Protein chains: 2
Amino acid sequence: MERAEEPRWLSSEERDVWLTLVAVMMKLPTALDAQLRQDAGLSHFEYMVLAGLSEAPARTRRMSDLAGFAESGLPRLSQVVSRLEKRGWVHRSTDPSDGRITLATLTDEGWEKITQTAPGHVAAVRSLVFDPLTKAQSRQLGSIGKRIMGAIDPGDRCLGQNAPL
Amino acid sequence: MERAEEPRWLSSEERDVWLTLVAVMMKLPTALDAQLRQDAGLSHFEYMVLAGLSEAPARTRRMSDLAGFAESGLPRLSQVVSRLEKRGWVHRSTDPSDGRITLATLTDEGWEKITQTAPGHVAAVRSLVFDPLTKAQSRQLGSIGKRIMGAIDPGDRCLGQNAPL
DNA sequence: GGAAAATACTTGAATGTTTAAGTAAACGCT
DNA sequence: AGCGTTTACTTAAACATTCAAGTATTTTCC
């Protein structure tokens, strides 16, 4: 049953940290979703899409760029944008200079939606994440997150530029 | 368009921390799933269920207890345990002293499976989470995670034993 | 200039998850 | 003892996500 190579097992302290991190990964997205769905009828992912458009030049962005921003694949984004388009918050058009490219644009209604939704969501993020932490811990969390992202995906956006909420 | 109450907006530093955290929450579970699925044919959730049973007395635990451990609801657990039962790794039985309670037990095959799978998974957790961090950062991550969990779900198991910093 | 390859996105089928209703056993109150 | 409530879990249906194939446009290379 034992393998030839002895793995470096987790210490009991590491195991405790690990289980805590797993719990946060499971529950924080759920809690955020619940707030947005209840107060605005949006999923967290839909919110990220609208937020990504709201801060782009001319409130417009190509699909694959937006997918990278939202840390998702193209098929998922495509379906979500279809839903948002039906609700009148996003408009799709073909790039005149390259017919393969689809541009997503935030409509005025979409702008109004996101500006109405953002304050409540920011308040939720604050109460769940930043309020329980000291300023020093917030900074540490940033460093820690970036190091972990460096191990998962060294080419990720959150290590170079800045963007949204 | 502006609300009467001015929300405490996120500072640019907080925004950066927040986006980093969102990225970790999106990608770390995916990365873990990929390792387990490729090396062992298990999802991360299935692994957690087997792990939860493996460390219980008599390798047996009641369903709702197991659901709490795995941070999931009962319906999800029920279906996953059905799958694990079909694969021969778990056995279900009714508690003789209370007919409402279902007990899940890890079979010998299940024990073998988890002991074969654990070293590779621990190595992945190490390389993605603990290796990029200093010892001090690991400890900080534990404190930070416990504080956030305290805000999300004050009654969670991972806060039960010791008082969080 | 035209076939082949590459790019950007969409659509459809398979899978898994969440929500809601359903079943069964135990408890509490008369 | 008996009826109603609560608890614990399962099943069924609606929903979302991932994966694979499909369509349309542009670029590349004879």
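Keep in mind it's a predicted model, so treat the numbers as computed, not measured. Chain letters run A, B, ... following the sequence lines, proteins first and then strands; every chain starts at 1.
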S.K.: Can you figure out which of C:dA25, D:dA16, C:dC9 approaches the side chain of A:Arg83 most closely?
M.R.: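 Nearest to the side chain of A:Arg83 among the choices is D:dA16.
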
S.K.: Among the nucleotides D:dT18, D:dC9, C:dA20, which one has an atom lying closest to any side-chain atom of A:Arg76?
M.R.: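 Given the options D:dT18, D:dC9, C:dA20, the side chain of A:Arg76 is closest to D:dT18.
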
S.K.: Round to the nearest Å and state the distance from A:Leu74 atom CG to D:dA20 atom P.
M.R.: 16 Å

S.K.: Side chains of A:Ile101 and A:Thr94, heavy atoms from C-beta outward: is any pair under 4.5 Å?
M.R.: no

S.K.: CD of A:Gln79 versus C1' of C:dT11: gap in Å, rounded?
M.R.: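 Rounding to the nearest Å, CD of A:Gln79 and C1' of C:dT11 are 8 Å apart.
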
S.K.: Grab the NE2-P distance between B:His44 and C:dG16 for me, whole Å please.
M.R.: 17 Å

S.K.: Among the candidates D:dT10, C:dT11, C:dC9, find the nucleotide nearest to the side-chain atoms of B:Pro75.
M.R.: D:dT10

S.K.: Is the phosphate of C:dA8 approached by A:Arg62 (side-chain N or O, under 4.0 Å from OP1 or OP2)?
M.R.: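 Answer yes for this pair, as a side-chain N or O of A:Arg62 is under 4.0 Å from OP1 or OP2.
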
S.K.: Measuring to OP1 and OP2 of C:dC9, would you say a side-chain N or O of A:Ser64 lies under 4.0 angstrom away?
M.R.: yes

S.K.: Rounded to the nearest angstrom, tell me the gap between atom CG in B:Asp95 and atom C1' in C:dA26.
M.R.: 12 Å

S.K.: For A:Val80 and B:Leu103, take the nucleotide of DNA chain D holding the closest heavy atom to each; which residue's nucleotide lies nearer the 5' end?
M.R.: B:Leu103

S.K.: Please lay out, stage by stage, how A:Leu19 and B:Met48 fare under the test side-chain contact (heavy atoms from CB on, under 4.5 Å).
M.R.: CA-CA 10 Å; A:Leu19 286 177; B:Met48 288 293 282; 4.2 Å; yes

S.K.: Just how far, in rounded Å, is P of D:dC9 from CG of B:Asp65?
M.R.: 9 Å

S.K.: Can you tell me which nucleotide in D:dA20, C:dC9, D:dA8 comes closest to the side chain of B:Arg100?
M.R.: D:dA8

S.K.: Measure from the side chain of B:Ser78, starting at C-beta and using heavy atoms only, and say which of C:dT7, D:dT10, C:dT17 lies closest.
M.R.: D:dT10

S.K.: What is the distance, to the nearest angstrom, from the CG atom on A:Asp98 to the P atom on D:dA24?
M.R.: 16 Å

S.K.: Which residue is it: B:Arg92, B:Arg61, B:Met63, B:Arg62? I am looking for the one with a side chain to side chain contact (heavy atoms under 4.5 Å, CB included) to B:Leu103.
M.R.: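 For B:Leu103, the side chain to side chain contact (heavy atoms under 4.5 Å, CB included) check succeeds only for B:Arg62.
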
S.K.: Choose from C:dA6, D:dT6, D:dT10 the nucleotide whose nearest atom is closest to any side-chain atom of B:Arg92.
M.R.: D:dT10

S.K.: Go nucleotide by nucleotide along DNA chain C from the 5' end; which of A:Ser82 and A:Thr30 gets its closest nucleotide reached first?
M.R.: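 In this pair, the answer is A:Ser82.
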
